[in-house]
Amino acid sequence: MKFNEMPYERPDKDAILSRLAELTAQMSEAADFETAERVFLASDAYNAHIETLATLVSIRHSIDTRDEFYSDESDWWDETSPLLAEGGNAFQQALFASPFREQLEAKYGSVVFKNIELELKSFSPELVPDMQKENALVTEYDKLIASAQIEFEGNTYTAAQMGPFQQDPDDDRRRAAWNAVGGWFKSKQEELDRLYDELTRIRDGMGRKLGYDGYTELGYYRMVRNCYGAEEIERFRAAVRKYLVPVADKIRRAQAERLGVAYPMSYADQSLMFRSGNPTPVGTADDIVAQGRKFYHELSPETAAFIDHMLEDGMMDLLAKPGKQAGGYCTELPDYHTPFIFSNFNGTQGDVEVITHEAGHAFQNWTARDIVPYVCHWASMEASEVHSMSMEFFAWPWAEGFFGPDTKKFLYSHLAGALTFIPYGTLVDHFQHIVYERPDMTPAERVEVWKELSAQYMPWLRLDGEIPFFSDGRYWQRQIHIYQAPFYYIDYCLAQTMSLYFWSEIQKDLPTAWEQYYRYVKLAGTKTFTELLTAAGLPTPFDEDTLRGICENAAKWLDEFDLSGIE
């Protein structure tokens with residue numbers, strides 16, 4: 001079924017709760033494995049249907065946040081979802097206590113039950129009002145960012161539409177664009193501070209209600225960290241500071257020299273990789289999609305079938321437009337066994353990365369669409385980001401079709417961007433750990449923490465107040481994950497590390513690297529992150545030797561890459 005034909009009608013909340021209670025009772029009363037299994041599968045199918053309805057609303061609301069019908073429906077789900085979570089939690093408790101749990105685990109995998117255990121640790125009925133308020137605040141933040149109307153050169157743009165201007169090779173125009181965007185965010189500073197104050201305090205209170213020392217432990221449970229914890233993350237952060245920050249700093253120093261600008265750089269100068277301009281896709285959005293189709297058709301039979309479905313059934317909404325939510329994502333409509341991709345094409349290099357990155361998520365979900373239970377269609381967050389970030393590198397042999405004369409620029413900046421991203425992403429994670437350790441910090445104190453950490457992770461960046469908002473130490477308020485999903489962002493860093501491993505393997509032999517990648521993809525969410533890596537014969541990002549080796553290989557490639565003739 002095509003996306004625009006998928007029907008939606010608000011379900012009856014009481015009917016859902018009644019059905020969940022009925023399934024819970026049936027699981028508790030099951031007298032044999034066959035009955036327990038039948039109830040388990042019925043619950044899986046029912047929850048998939050409810051999730052499909054909620055996701056339809058989420059997608060259609062994000063496509064146009066001004067649509068009153070889906071805005072109202074989004075508000076209803078924000079309020080209702082925590083109540084449904086209470087019903088779902090009761091079923092999970094019954095499932096976890098079932099005498100047939102071991103048999104179910106043997107047939108459907110242990111990871112399902114590991115994750116249920118974490119979910120049980122992250123929920124209590126007394127949290128429902130807090131969860132409702134948290135949802136409402138996140139939605140308010142999303143709407144605020146989507147509402148951006150930025151005046152620039154006599155026209156009005158959204159924040160996403162300003163992206164090309166913020167990368168313009170003309171210094172005056174690029175810096176003016178950054179000032180215009182920064183000015184808009186600066187004008188919303190009071191609202192951004194209020195929203196984050198409230199979110200931080202609500203989340204801290206939720207953790208304490210469950211008996212934890214603040215939010216961090218609860219946050220890890222909510223992120224379903226089922227095979228590592230804060231200790232492993234801190235070890236990874238230390239390796240980033242030791243091995244990767246020096247490599248990234250060298251990249252940025254070379255960038256400043258190419259541009260002829262002072263080091264450390266401003267945000268506006270950091271956004272320009274080459275004096276002649278950043279790599280720009282050739283052709284229109286349709287041309288990018290057509291080249292993406294060519295790439296997936298030539299990569300493998302499986303990716304060919306996948307991309308044909310996504311395009312022919314309208315499972316992508318790609319163009320930036322007024323009222324559209326910022327950012328990009330991939331989600332799933334489980335009733336229809338299909339992923340969906342949302343993004344904001346704006347004529348930059350990021351457009352190509354969407355058709356590879358988000359489609360990497362979608363391909364994994366498409367590959368796993370028939371796995372039971374449906375919750376295993378997705379791997380854990382960090383494992384899933386390996387799918388998407390690695391797919392970006394698998395597209396390298398087709399880069400010329402995307403970038404034409406800018407291909408060499410793209411290859412260099414893509415690898416350099418992956419290496420310089422990890423320190424930033426690790427900074428985001430470190431910042432959040434401090435925030436939730438000290439939830440009573442004032443907005444000004446949070447800004448100072450961001451500045452202090454920036455000096456450790458991004459010494460190439462100047463925070464002197466030159467650009468409103470951004471160089472005031474407030475860039476983090478533009479990072480939607482900090483508001484929406486605490487502790488998520490480190491997943492990108494762990495995954496980027498593994499994607500750089502695949503990059504290295506692709507340089508040696510593309511078909512062999514693809515076989516290993518596809519072996520990893522097919523496992524979907526049937527194992528934990530570290531189990532997936534082991535099963536696919538991959539190293540772990542928690543071993544500092546992994547990051548050290550990647551840095552050595554990538555730095556050598558960048559040093560030897562021929563940039564002659566490119567300004």
Side-chain angles (χ1 to χ4, degrees), residues 121-122 127 130-131 133-142 144-145 185-186 188-225 228-238 240-241 245 327 381-382 421-458 461 463 469-494:
K121 290 180 177 180
S122 68
L127 298 188
D130 294 324
M131 294 169 68
K133 180 63 174 175
E134 180 187 29
N135 286 343
L137 289 167
V138 169
T139 296
E140 186 178 350
Y141 172 81
D142 289 341
L144 176 64
I145 302 303
F185 277 96
K186 185 76 171 178
K188 306 300 179 184
Q189 181 176 310
E190 186 174 330
E191 294 171 74
L192 291 167
D193 284 339
R194 173 187 60 81
L195 288 168
Y196 199 61
D197 272 340
E198 292 188 42
L199 282 166
T200 302
R201 285 169 174 75
I202 283 172
R203 288 166 176 156
D204 178 70
M206 290 165 68
R208 295 184 188 281
K209 285 179 181 178
L210 292 180
Y212 308 130
D213 185 20
Y215 180 73
T216 303
E217 187 174 358
L218 172 59
Y220 269 59
Y221 291 148
R222 293 175 94 183
M223 286 302 303
V224 199
R225 303 285 191 232
Y228 62 90
E231 182 179 339
E232 286 83 1
I233 293 298
E234 173 48 36
R235 191 162 68 240
F236 176 79
R237 290 200 301 249
V240 168
R241 293 190 296 267
V245 169
M381 296 293 193
E382 69 292 285
F421 164 75
I422 294 176
Y424 167 72
T426 309
L427 159 61
V428 169
D429 180 74
H430 199 160
F431 172 75
Q432 290 182 97
H433 275 80
I434 294 175
V435 164
Y436 288 107
E437 288 167 7
R438 298 163 53 193
D440 293 326
M441 278 194 295
T442 65
E445 288 172 331
R446 290 191 199 108
V447 166
E448 288 307 308
V449 169
W450 181 263
K451 288 181 176 180
E452 291 169 8
L453 292 175
S454 291
Q456 297 178 41
Y457 289 98
M458 299 193 298
L461 196 58
L463 297 179
F469 182 80
F470 294 108
S471 61
D472 291 339
R474 290 183 170 274
Y475 187 95
W476 60 271
Q477 293 185 307
R478 182 72 178 88
Q479 189 60 63
I480 60 177
H481 303 72
I482 292 177
Y483 284 76
Q484 292 179 343
F487 303 122
Y488 181 3
Y489 217 63
I490 196 66
D491 295 42
Y492 291 110
C493 303
L494 299 173

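Computed from a prediction, not measured in an experiment: that's the story for all the values here.
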Could you work out, with side chain to side chain contact (heavy atoms under 4.5 Å, CB included) as the rule, every residue matching [X], not counting sequence neighbours?
| X | value |
| --- | --- |
| V447 | K451, R474, W476 |
| R201 | D197, D440, R446 |
| V138 | D142, L199, R203, Q484 |
| K133 | L137, E198, I202 |

Exercise. Taking it one step at a time, do V245 and Q456 satisfy side chain to side chain contact (heavy atoms under 4.5 Å, CB included)?
Worked result: CA-CA 8 Å; V245 169; Q456 297 178 41; over 6 Å; no
Does some side-chain heavy atom of [Y] sit less than 4.5 Å from a side-chain heavy atom of [X]?
| X | Y | answer |
| --- | --- | --- |
| M206 | K209 | no |
| V428 | I482 | yes |
| H430 | T426 | no |
| F236 | I422 | yes |
| C493 | D429 | no |

Report the residues that fulfil side-chain hydrogen bond (donor to acceptor under 3.5 Å, both in side chains) with [X], sequence neighbours left out, ordered by chain and then residue number.
| X | result |
| --- | --- |
| E452 | none |
| H481 | Q479, Y492 |
| N135 | none |
| S122 | none |

For this session: Answer yes or no: is there a donor N or O on one side and an acceptor on the other, between the side chain of E191 and the main chain of K188, under 3.5 Å?
Result: no
From [atom1] ([X]) to [atom2] ([Y]), nearest 0.5 Å:
| X | Y | atom1 | atom2 | result |
| --- | --- | --- | --- | --- |
| I145 | Y483 | CD1 | OH | 7.5 Å |
| T139 | L144 | OG1 | CG | 12.5 Å |
| Q477 | F469 | CD | CZ | 5.0 Å |
| L463 | D472 | CG | CG | 9.0 Å |
| I233 | L494 | CD1 | CG | 5.0 Å |

Problem set entry | Short N-O contact, E232 and R225, less than 4.0 angstrom | no
Problem set entry | Salt bridge E134-R222, side-chain N to carboxylate O under 4.0 Å | yes
Problem set entry | Contacts of type salt bridge (Lys or Arg N to Asp or Glu O under 4.0 Å), residue R208, not counting sequence neighbours | D204, D213
Seminar exercise, completed: For K121, the salt bridge (Lys or Arg N to Asp or Glu O under 4.0 Å) test, sequence neighbours excluded, returns none
For this session: Would you name the heavy atoms of F185 and L192 that are closest together and state the gap between them?
Result: O-CD1, 4.0 Å
Problem set entry | Minimum heavy-atom distance L427-S454, with the two atoms named | CD2-OG, 3.7 Å
Exercise. With sequence neighbours left out, what residues match Y212 under ring-ring contact (aromatic ring centres under 6.0 Å, His included)?
Worked result: Y221
Seminar exercise, completed: Taken in chain and number order and not counting sequence neighbours, the residues that satisfy ring-ring contact (aromatic ring centres under 6.0 Å, His included) with Y220 are H433, F487
Exercise. Do the ring planes of Y436 and Y215 sit parallel (below 30°), tilted (30 to 60°) or perpendicular (above 60°)?
Worked result: tilted
For this session: Verify the ring-centre separation between Y424 and Y457: is it less than 6.0 angstrom?
Result: no
Problem set entry | Residue pair Y489 / Q432, side-chain donor-acceptor N/O under 3.5 Å | no
